Amino acid sequence: MQHRAHTTDLVARDKAVLWHPFTQMQDWIGDVPGPPLCIVSGEGNWLVDTTGKRYLDAVSSLWCNTHGHRHPVIDAAVRAQLDRIAHTTLLGLTHPAAVEAAEAILEVAPPGLARVFFSENGAAAVEVALKMALRYWQLRGETDRTLFVSLEDAYHGDTIGAVSVGGIDVFHAAFGPLLFPSVQAPTARRRPGGGVPGRDDLVAGMERVLEANADRVAAVIIEPVVQGAAGIQCFPDGYVRGVRDLCDAYGTLLVCDEVATGFGRTGEMFAVNHDGVTPDVLVLGKGMTGGYLPLSATVATEDIHDMFLGATQEGRHLFHGHTYSGNPLAAAACVATMEVFEKEATLAQMRPRVEALRGAMREIEMLPGVVDVRGRGYMIGIELEPGMGRDPLPARTVCQRVRDAGVVLRNLGDVVVWMPPLSITDSEVDLLTTATATAIRSLGS
Ligand code: PMP
């Protein structure tokens with residue numbers, strides 16, 4: 001098997017049997033924009049392909065790797081758990097790893113959050129948040145509160161409920177017939193021919209939506225501080241606080257989806273910390289296992305949790321659960337990930353690197369064809385002129401070209417995304433900057 005896994009026909013076999021997510025398979029099969037990379041191992045912030053070539057994992061294996069690959073503490077925790085049991089259920093039973101993971105999350109979560117409901121991916125955790133909110137109001141006797149307010153350009157995952165509160169047409173529009181209605185408040189995206197809307201305008205936009213739907217809103221759901229999949233759109237300081245205050249004033253719930261922004265990505269453990277906000281429901285995923293294993297969480301206040309209490313036959317409990325919810329291997333990885341945050345003082349270690357990345361952003365900003373460079377912490381978007389260098393997909397080409405310099409990146413439309421592991425070093429930031437700048441310059445020629 002080891003031998004088969006390393007044969008050069010692996011890519012050909014892939015092309016015969018796999019259907020890749022978010023991938024135009026015609027391009028993939030046709031080696032457009034280049035032949036696929038086949039990653040066989042990882043080490044720290046690096047990926048290694050079948051030929052032994054090393055690549056900086058500047059996409060954090062889809063925004064989830066936090067402390068690097070094969071981190072000894074997380075490796076050991078998963079191995080130790082494997083020696084005990086790989087899977088047992090949280091439906092009617094419990095296990096130490098789930099308890100410890102929930103405790104570890106609550107220890108760092110904003111004050112007031114008290115209950116951790118596990119799922120396996122971000123979208124599922126969003127579905128749970130939506131169901132929790134809807135059912136909370138039903139159980140309170142406010143059955144008209146069935147409407148969700150989301151943001152323009154929102155992305156909360158690919159399942160039908162998550163898509164219903166999504167706002168990225170290219171991902172979501174085709175599924176319209178399957179979706180439930182939601183209303184959208186303004187995003188911070190730069191307006192055509194204008195500037196970026198300010199904090200007060202954005203909050204006022206949210207207020208107009210809440211005012212118009214006053215008693216029907218079950219919850220407002222936002223990606224706090226940075227809308228990732230929208231192309232790394234950043235909200236001004238104080239916006240999340242403004243939305244929190246509006247939710248209080250209009251008596252509705254605030255759900256913050258930190259699947260992408262959580263676990264240090266924006267420089268704070270959670271993006272809501274920038275504004276000192278506690279949401280009613282916090283949605284977590286991606287980085288919570290260090291990027292090792294699928295685990296997500298919907299974290300609620302005790303008030304929400306308690307609304308679901310009653311005799312079993314009353315049927316008030318939350319009718320939701322997945323086979324692998326709170327899987328022990330994933331939960332063990334989560335506990336170890338949180339341990340590493342503490343032991344290595346990850347957030348403090350990141351600070352000088354956040355500065356280094358800011359410097360790198362200014363360098364990239366100066367390049368011809370770069371429309372905008374924006375970001376917060378380790379979430380950075382480099383927007384290129386559409387059709388730059390007569391290339392219909394310039395950002396994709398940049399991501400392809402940086403591979404020659406040993407860097408893996410992934411674009412979102414015209415935006416080249418930098419999303420390095422929290423453990424990226426100064427010299428790796430330099431490599432990322434130089435490789436990206438060289439690839440952008442090459443588009444002009
Ligand atoms: N919410 C946000 C903000 C996300 O960025 C993502 C994924 N990028 C999701 C939800 C969905 O997570 P998953 O891919 O694990 O379902």
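If you're wondering where the values come from, they're calculated on a predicted model, not measured in any experiment. Both counts, for ligands and for their atoms, begin at 1 and track the order of listing. For reference, positions follow the sequence shown, starting with 1.
Near Ala123, meaning under 4.0 Å from one of its heavy atoms, ligand 1 places the atoms 11 (C), 12 (O), 13 (P), 16 (O). Of all the atoms in ligand 1, the ones that sit under 4.0 Å from a non-hydrogen atom of Glu223 are 3 (C).
Annotation: Tyr324 is not in aromatic contact with Phe118 [ring centroid separation under 6.0 Å not met]. No close placement of the Tyr136 and Phe308 rings is indicated, their centers lying 6.0 Å or farther apart. With ring centers used as reference points, His69 lies 6.0 Å or more from Tyr292.
Scanning all protein heavy atoms for the shortest distance to atom 5 (O) of ligand 1 gives Ala260 CB, 3.5 Å. Of the protein's heavy atoms, Asp257 OD2, 2.6 Å lies nearest to atom 1 (N) of ligand 1. Nearest protein heavy-atom contact of atom 15 (O) of ligand 1 is Gly122 N, 2.8 Å.
Taking the six-membered ring where the residue is Trp, Phe117 and His320 present perpendicular rings, their angle passing 60° and hence far from 30°.
With a 4.0 Å cut-off on non-hydrogen atoms, Val259 touches ligand 1 through its side chain and not its backbone. Of the heavy atoms in Lys286, only side-chain atoms (C-beta onward) come closer than 4.0 Å to ligand 1.
Between His274 and Thr266, the side chains place a donor N or O and an acceptor N or O closer than 3.5 Å (distance only, hydrogens not considered).
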Stepwise salt bridge (Lys or Arg N to Asp or Glu O under 4.0 Å) check, Arg374 with Glu383: CA-CA 8 Å; Arg374 52 185 176 256; Glu383 186 171 339; 2.8 Å; yes
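Which of Trp63, Tyr155, Phe22 comes nearest to atom 4 (C) of ligand 1 through a heavy atom is settled by distance: it is Tyr155.
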